[in-house]
Each structure stands twice: as structure tokens, then as C-alpha cells.
Amino acid sequence: MKTKKFYVTTPIYYPNDIPHVGHAYTTIVADVISRFYRLNGYDVFFLTGTDEHGKKIQEAAEKAGKKPKEFVDELIPKFKDAWKKLNINYDRFIRTTDKDHEKIVQEVLQKVYDKGDIYFGKYEGLYCVACERYYTEKELENGNCPIHKRPAILLKEDSYFFRLSKYQKKLLELYKKNPEFIFPESRRNEVISRVKEGLRDFSISRTSFDWGIKLPFDKKHVCYVWFDALLNYYSATKENGYWPADAHLMAKDIVWFHAVYWPAMLMSAGIKFPKRLLVHGYWTFDKEKISKSRGKIINVDELVSLTKNSDSVRYFLLRDIVFGEDGDFSEKALIDRHNGELVNKLGNLISRVSGLIEKYGLEKCENLLAKKMNIKKFNELIKNYEFDKALNEVFSFIDRCNEYVQHKKIWETKNKKVLYELADSIKIIAILLYPFIPESCEKIAKQFNFKINFKELKTPLKISKIQKGEHLFSPVEYKKEDKQKRDKGLQKGDKENLQKNVNNEKINKQVLIHKIMEGIAEVDFSDWQKIDLRVAQIKEVEEIPNADKLWKLKLDVGELGERTICAGIKQFYKKEELINKKIIYFTNLKPRILKGVESQGMLLAATNSDHTKVILISPIDNNAENGMKIS
Ligand code: MSP
């Protein structure tokens with residue numbers, strides 16, 4: 001009989017920084033799924049990797065003063081180290097700079113082009129570099145990207161387009177015929193209703209930078225990073241027969257690319273599409289968005305160091321949230337589960353039972369205790385991605401086993417048969433938990449002399465010499481002060497880096513101001529001296545099309561002449577309230593494009609924390625002359 005194949009993927013991550021708890025979560029889930037299917041006898045291929053082309057990486061490399069390839073080459077070992085630390089057992093780590101991938105991207109581009117699904121046009125739109133995508137005005141929040149909360153920039157390019165609009169009907173058919181294609185259903189419904197609203201062709205090439213794969217039919221253009229990246233799933237398995245994928249894992253941020261662009265691209269190229277998209281929620285950290293600039297980030301080293309045990313991290317992330325929903329990461333919750341569930345329940349069971357066996361030995365018998373573990377239900381829960389519930393099932397059984405030890409008073413009765421039931425139950429527990437906490441389960445298997453595979457579940461445990469051995473998990477104390485120290489440490493590190501960057505002029509002043517506001521940077525006198533604040537007078541107030549929060553202001557800044565700025569004060573001040581008003585103007589910010597208008601600086605205003613009140617700051621004395629310096 002041919003072995004059934006199972007192909008699972010993670011998104012390929014942007015290597016512009018080291019991976020954090022969010023990336024770790026997706027990768028651990030993929031690893032759990034892949035280990036589970038392997039145990040069940042499937043021939044599994046597990047793919048992860050990095051998405052290395054595009055403007056985002058090019059800009060990050062420039063900031064670091066490096067060439068893009070050199071920049072990513074230095075980060076890749078950090079990803080591989082992180083996955084090693086978390087015991088991620090992937091079959092290939094694909095990089096979009098791998099030659100075999102680049103070749104396949106070009107082949108597919110040519111196929112789609114020959115089919116007539118790629119045409120040349122001009123594009124102008126608002127682009128978020130962090131997302132690497134264009135947004136419509138409607139999708140932006142006050143000109144800002146809804147995910148990264150930073151302004152989208154106006155980009156104009158000659159570009160090739162993919163005829164996505166042509167595939168609207170076919171995509172809707174795909175979702176209808178394959179209701180399992182997008183999981184969970186709520187995400188599926190969102191996609192369907194958006195696709196029904198209509199699809200716009202998307203630009204698949206860039207000429208404004210060159211860090212990408214060249215289009216085979218026009219070498220002046222490089223391929224759009226998402227067109228390139230999505231194809232990794234196909235290029236990694238084109239030759240080895242695993243395509244199509246059984247499960248693409250991802251968070252909700254990138255569903256659209258996977259549920260719409262990706263199958264349409266494959267339809268056009270005549271390639272089978274994947275069977276399922278598994279979409280999970282977003283992790284926050286201490287109830288805030290994971291963000292490096294705010295110190296709200298926890299990388300893999302930090303994660304593992306909390307309990308000095310990678311299995312605790314794997315267990316916690318899968319046990320603590322319902323797959324598909326958002327979750328909040330807290331160090332305390334991780335440590336609580338480590339102590340309460342892994343140390344006190346599982347660890348305790350293993351050490352008590354092995355200690356008793358060492359003393360009294362085993363005698364084979366039917367394992368009636370095992371009937372309390374519903375293995376069928378456990379398997380179904382995993383196949384339905386209900387990892388928290390599946391773990392709960394096993395831990396209820398662990399509770400039963402601990403109660404059994406207590407109830408049967410083995411230390412008095414010295415009953416070898418009861419000990420056999422317990423040892424055989426420990427075998428079942430370790431095999432079931434193996435996908436989640438592989439390192440600990442391997443230790444248990446060694447101690448109790450069995451192999452980890454699903455056949456062993458039904459094979460009674462062989463009698464052998466079992467010794468107590470070391471504790472599987474050590475308790476960890478949660479100290480609030482440690483967390484505070486770590487948070488401070490993080491910020492301290494950030495401050496030092498920031499200072500270095502400011503000194504090296506790698507960071508612009510606007511970023512510095514934001515950091516100062518966020519409390520990450522301390523300002524010393526030399527920083528303060530870099531900031532040029534002046535008295536200015538508002539001379540003209542103009543509307544900006546489609547901007548309901550911004551006024552375009554012409555300022556008279558005395559000796560500096562006339563300046564234009566966009567100010568987010570439209571909801572707070574009427575035109576006539578502003579004309580001729582004297583304000584304080586921050587002159588030497590790097591200009592920014594807002595709603596297509598170049599804003600040459602900022603004005604100063606007082607605001608409350610939720611920005612519902614904004615009050616302009618002006619010189620008390622109207623004799624202040626335009627252009628006077630604030631010092
Ligand atoms: N390079 C693209 C993916 C291309 S796949 C063909 C990309 N990269 S990313 O580095 O931004 O990774 C996004 C993915 O990382 C999410 O879909 C999710 O898997 C994971 N996560 C990143 N932050 C996360 C959270 N805060 N919470 C949960 N998962 C998160 O997008």
C-alpha cells in the first residue's frame with residue numbers, strides 16, 4: 001500500500017528581524033501537525049523559510065548599511081537557531097533567494113504571461129511598505145495602514161498587472177465546492193463576501209528598486225514580492241511530488257493573499273491548488289500589539305529562558321488559546337501552566353510511578369485504567385485543530401492516573417499490576433503528547449523503554465527495568481521584579497541601539513521624536529539641539545481631497561520663508577479659527593507625503609491620551625515674530 005502524503009507549510013517570514021512569539025506560534029502549530037501525521041504513519045513534508053525580496057527588506061538592509069543579500073544572510077541563522085531551540089523538525093527551510101525557487105517563479109510568470117493573464121499598465125496608489133501592498137483610501141484609517149498604523153505612501157509605477165478580476169467567479173466556485181478550503185469558517189465567510197464585492201487586478205512588478213526576481217519577459221522589472229513569495233510552497237515541492245499542500249498555516253493578517261491571489265495565480269498557471277488554509281488569530285503581549293519599538297516583543301530566546309524549557313513554551317502556546325482566536329501572551333500565565341500542569345501533574349506522575357516501579361517492579365496485566373483515555377476523541381480534536389481541548393483530554397487522564405496512585409495506596413500494597421497499568425498508561429500519555437512536547441516524551445520513552453509511534457499505543461508495554469531518573473520539569477518561580485527588570489532591560493537595550501543609530505544618522509529625527517514620545521529614548525542636550533522649533537503664522541488653510549482629518553496649511557516662517565504642512569486638526573479647528581493664528585512649528589522633520597501632499601514638518605499641539613481633544617499651542621504674546629526660534 002502506498003503511504004499517504006501530508007504536506008504542511010508555515011508562511012515564509014520576512015527576515016528583517018529575529019522571530020518573536022507570533023512567528024513561533026505558527027511554526028510550533030505546523031510542527032505539532034507534522035509530528036502528529038508522522039506518528040500516524042503519513043509521509044510528511046514540512047516546509048518553512050524566509051521571504052527575502054522586496055522593498056521592505058531592501059529598506060531594512062539600507063538602514064543597517066548592508067547589501068540586501070548580505071543583510072538577510074546574517075539573519076537566516078538566527079531563524080534556524082530559533083527553530084532549533086523550539087525543536088522544530090522541518091524538512092526544508094526555503095529562502096526565496098534559492099536558485100531553484102527563482103527559476104520556478106520565472107517559469108510560472110512566463111506561463112501566466114503566455115496565457116494572457118499579465119498585461120502592462122500604469123499604477124498609482126497608496127502603498128504600505130511594511131505590508132508590501134497597495135491600499136484603497138477606504139481601507140486606510142486616516143491615511144494609515146490598518147495593520148501597521150503608519151502612513152501609506154503614494155507610489156506611481158509602470159507595472160505589469162495580473163488579471164485577478166477574471167478569476168472572481170472561479171474563486172467563488174472554488175470556495176463553494178471546497179468548503180474546507182478556508183478554516184475557520186468565519187474567515188471563509190469574510191473572504192467570500194469581499195470577493196463578491198469584486199476583484200481588482202494587481203500589480204506584479206516593480207521598477208523603483210531592483211531587489212527581486214527579474215520578469216522573464218521584461219528584465220527591467222522585478223517581480224512583486226507576494227507573487228514571488230506565494231510560489232515558495234509550490235517551488236519547494238514541484239520536483240518531490242508533495243504538491244498540492246494539505247495545510248498552509250498563517251495568521252489572519254495574510255489570508256487575502258492566500259485565499260484570493262494564490263489560487264487565482266495557480267488557476268492561471270494550470271497548477272493544482274492547496275487543500276486548506278489554516279488561519280489562526282493574533283497574539284498580543286501584555287494586552288498590547290507586539291511591537292519592538294514599545295518593548296512589547298518577546299523573542300524565542302526570551303521565551304525559552306522563562307522556564308528554561310522549550311517544551312513548556314510549545315505546550316503553553318497551544319494549550320492557552322483556541323486555535324483561530326486571538327490570545328494574549330503573559331509570562332505569568334506561561335510560568336503558571338509550567339508549574340501547575342507540567343511540573344505538578346505530568347512530572348509528578350512520572351517521578352512517582354517510576355520511583356515505585358524501581359522499588360517494587362512490574363507484573364503484566366490488562367490495562368483497565370487506559371479505558372479512561374479516549375484516543376479516538378483526542379485524534380479527532382487534533383484533526384479539527386482543537387489543540388487546547390486535545391491537551392485537556394490527556395491532562396484529565398493524567399489527573400486520573402495521579403488519583404489512581406493515591407487511591408490504590410501502592411506504597412502500602414506494593415501492587416505490581418497496578419504499577420503495570422500506570423506504566424502502560426504513561427506510555428499512552430507520552431505517545432499522545434509527543435507532537436506537543438517531543439523532548440520530554442522522548443525522555444519518558446527512554447526511561448520506560450518503548451518506542452514513540454502509534455502502533456505502540458496498542459502494544460502492551462514490555463516489562464523492563466525502570467528507574468526513577470531525574471525530574472522532567474523543574475518548578476520556576478515567577479517574580480514580578482524579574483519581569484520589570486527584563487522590560488527595563490529591553491528598553492535599555494533599545495535606548496542604546498537607538499542612540500547609536502541617531503549618532504550614526506541611521507535614524508531620522510521624526511523617528512527619534514516618536515521614540516522620545518514613547519519614552520524609549522531619553523533626550524540629552526545634543527538631541528534637543530537638533531530640533532528646530534519656530535514661531536510661524538498660518539496664512540492659508542486648504543482642503544485635501546478625501547482627507548477628512550487633515551488641513552493643508554501654508555505657514556509664514558519669517559526668515560525660513562513659506563512652508564506647507566498637513567495637520568490632523570480638521571475635526572478640531574475651523575478654517576476661520578486658524579487663519580493668521582501664530583503657532584509653534586517643528587521645522588526640520590524629514591518631509592512626508594500625506595494624502596499625496598508633501599508635509600514639511602509638524603505643528604505642536606496638546607492632546608489627551610485618546611486624541612479626542614487637540615489644542616494648538618501658540619506663543620502667549622502676539623508680539624512673537626514669525627521665524628523666532630523656540631529655545
Ligand atoms: N512574508 C510574508 C508571508 C509570505 S507567505 C507566502 C509575511 N511575513 S511575516 O514575517 O510578516 O509573517 C507573518 C506571519 O507571522 C503571520 O501570518 C503569522 O503566521 C506570524 N505572526 C506574526 N506576528 C504574529 C502575531 N502577533 N500573532 C500570531 N501570529 C503572528 O507576512
Side-chain angles (χ1 to χ4, degrees), residues 8-31 33 47-57 60 72 75-76 78-79 82-83 86 88 93-98 101 104-105 108 128-133 145 147-148 187 212-213 223-237 245 247-263 265-266 274 277-292 294 296-300 303 317-318 320-330:
V8 56
T9 68
T10 72
I12 45 169
Y13 306 111
Y14 291 123
N16 57 339
D17 208 339
I18 56 176
H20 62 59
V21 58
H23 308 110
Y25 176 70
T26 319
T27 314
I28 292 170
V29 175
D31 190 61
I33 293 178
L47 179 74
T48 189
T50 41
D51 186 356
E52 304 188 3
H53 291 125
K55 197 174 173 71
K56 182 182 179 112
I57 298 293
V72 290
L75 274 152
I76 303 312
K78 306 222 157 104
F79 274 80
W83 300 154
L86 289 172
I88 306 294
F93 187 103
I94 192 170
R95 301 179 52 179
T96 49
T97 49
D98 288 344
H101 169 76
I104 288 169
V105 171
V108 172
C128 170
V129 180
C131 294
E132 291 279 18
R133 60 164 285 198
C145 157
I147 293 170
H148 297 92
R187 301 275 164 224
I213 299 174
C223 180
Y224 170 43
V225 64
W226 270 101
F227 199 98
D228 162 1
L230 286 161
L231 278 164
N232 90 88
Y233 304 130
Y234 172 67
S235 64
T237 53
H248 285 323
L249 272 151
M250 73 204 71
K252 58 189 181 183
D253 54 341
I254 53 177
V255 178
W256 186 250
F257 299 102
H258 284 81
V260 180
Y261 286 21
W262 182 219
M265 284 161 59
L266 292 169
L277 313 181
L278 292 181
V279 186
H280 62 76
Y282 239 57
W283 281 92
T284 48
F285 181 32
D286 283 344
K287 304 262 159 49
E288 287 185 42
K289 187 174 182 294
I290 295 179
S291 139
K292 194 169 185 191
R294 272 180 278 160
K296 294 288 174 200
I297 186 160
I298 185 147
N299 64 40
V300 171
L303 265 178
L317 293 179
L318 272 90
D320 208 53
I321 60 164
V322 174
F323 180 84
E325 289 176 13
D326 293 339
D328 183 49
F329 179 84
S330 102

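We count ligands from 1, going down the list as the structure has it; atoms in each ligand are counted the same way. Starting from 1, each residue takes its place in the sequence as its number.
- Looking at Y233 next to ligand 1, no N or O pair under 3.5 Å apart turns up.
- In the vicinity of G281, heavy-atom distances shorter than 4.0 Å reach the ligand 1 atoms 28 (C).
- One finds a salt bridge joining E52 and R95 here, because a Lys/Arg side-chain nitrogen approaches an Asp/Glu carboxylate oxygen to under 4.0 Å.
- Between F285 and F329, the ring planes lie tilted relative to each other; the angle falls in the 30° to 60° range.
- With a 4.0 Å cut-off on non-hydrogen atoms, F257 does not touch ligand 1 at all.
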Apply the test side-chain contact (heavy atoms from CB on, under 4.5 Å) to residues M265 and V108: give CA-CA distance (whole Å), side-chain angles for both, the deciding distance (0.1 Å), then the verdict. CA-CA 9 Å; M265 284 161 59; V108 172; 5.8 Å; no
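- Annotation: atom 27 (N) of ligand 1 to nearest protein heavy atom, W283 N, 2.8 Å.
- Under a 4.0 angstrom heavy-atom cut-off, Y25 registers as lying outside contact with ligand 1.
- The distance criterion of under 3.5 Å between nitrogen or oxygen atoms is met by A251 with respect to ligand 1.
- Residue contact check for ligand 1: H20 places a non-hydrogen atom closer than 4.0 Å to it.
- Remark: among candidates T9, I12, T26, the nearest residue to atom 4 (C) of ligand 1 is I12, based on non-hydrogen atoms.
- Checked options L231, L230, V225; the residue passing with F227 is L231 (criterion: side chain to side chain contact (heavy atoms under 4.5 Å, CB included)).
- Considering only heavy atoms from C-beta on, P274 comes within 4.5 Å of L266 through its side chain.
- Atoms of ligand 1 found under 4.0 Å from any heavy atom of I290 (numbered from 1 in listed order, with element): 26 (N).
- D51 OD2, 2.7 Å is the protein heavy atom nearest to atom 1 (N) of ligand 1.
- In this structure, the side chains of I33 and L278 come closer than 4.5 Å at one or more pairs of heavy atoms.
- From the protein, the heavy atom lying nearest to atom 11 (O) of ligand 1 is Y14 CD1, 3.5 Å.
- The shortest N or O to N or O distance between Y13 and ligand 1 is not under 3.5 Å.
- Within the structure, ligand 1 lacks K289 among the residues with a heavy atom less than 4.0 angstrom away.
- The backbone N or O of D228 sits less than 3.5 Å from a side-chain atom of H101, completing a donor-acceptor pair.
- Side-chain contact between T96 and V105: absent, with no pair of heavy atoms (C-beta onward) separated by less than 4.5 Å.
- Near A229, meaning under 4.0 Å from one of its heavy atoms, ligand 1 places the atoms 6 (C).
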Could you walk me through whether T27 and W83 pass the side-chain contact (heavy atoms from CB on, under 4.5 Å) test, one step at a time? CA-CA 8 Å; T27 314; W83 300 154; 3.5 Å; yes
Run the salt bridge (charged side-chain N to carboxylate O under 4.0 Å, His left out) check on D326 and K252 step by step: do they pass? CA-CA 10 Å; D326 293 339; K252 58 189 181 183; 2.9 Å; yes
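- Atoms of ligand 1 lying under 4.0 Å from at least one heavy atom of H280, given by number and element, are 19 (O), 28 (C), 29 (N).
- Contact annotation for D253 and ligand 1: only side-chain heavy atoms (C-beta onward) come within less than 4.0 Å of the ligand.
- The shortest heavy-atom distance from W226 to ligand 1 is under 4.0 Å.
- The protein non-hydrogen atom at the shortest distance from atom 15 (O) of ligand 1 is H23 CD2, 3.3 Å.
- Side-chain atoms of W256 and W226, non-hydrogen and from C-beta on, never get closer than 4.5 Å to each other.
- By the 4.0 Å heavy-atom criterion, P19 is excluded from the residues contacting ligand 1.
- Of all protein heavy atoms, the one lying nearest to atom 31 (O) of ligand 1 is I254 CG2, 3.6 Å.
- Of the protein's heavy atoms, G22 CA, 3.5 Å lies nearest to atom 24 (C) of ligand 1.
- Listed by chain and number, the residues in a side chain to side chain donor-acceptor pair (under 3.5 Å) with H280 are T26 (sequence neighbours excluded).
- Atoms CH2 and CD1, from W262 and I254 in turn, are 12.5 Å apart once rounded to the nearest 0.5 Å.
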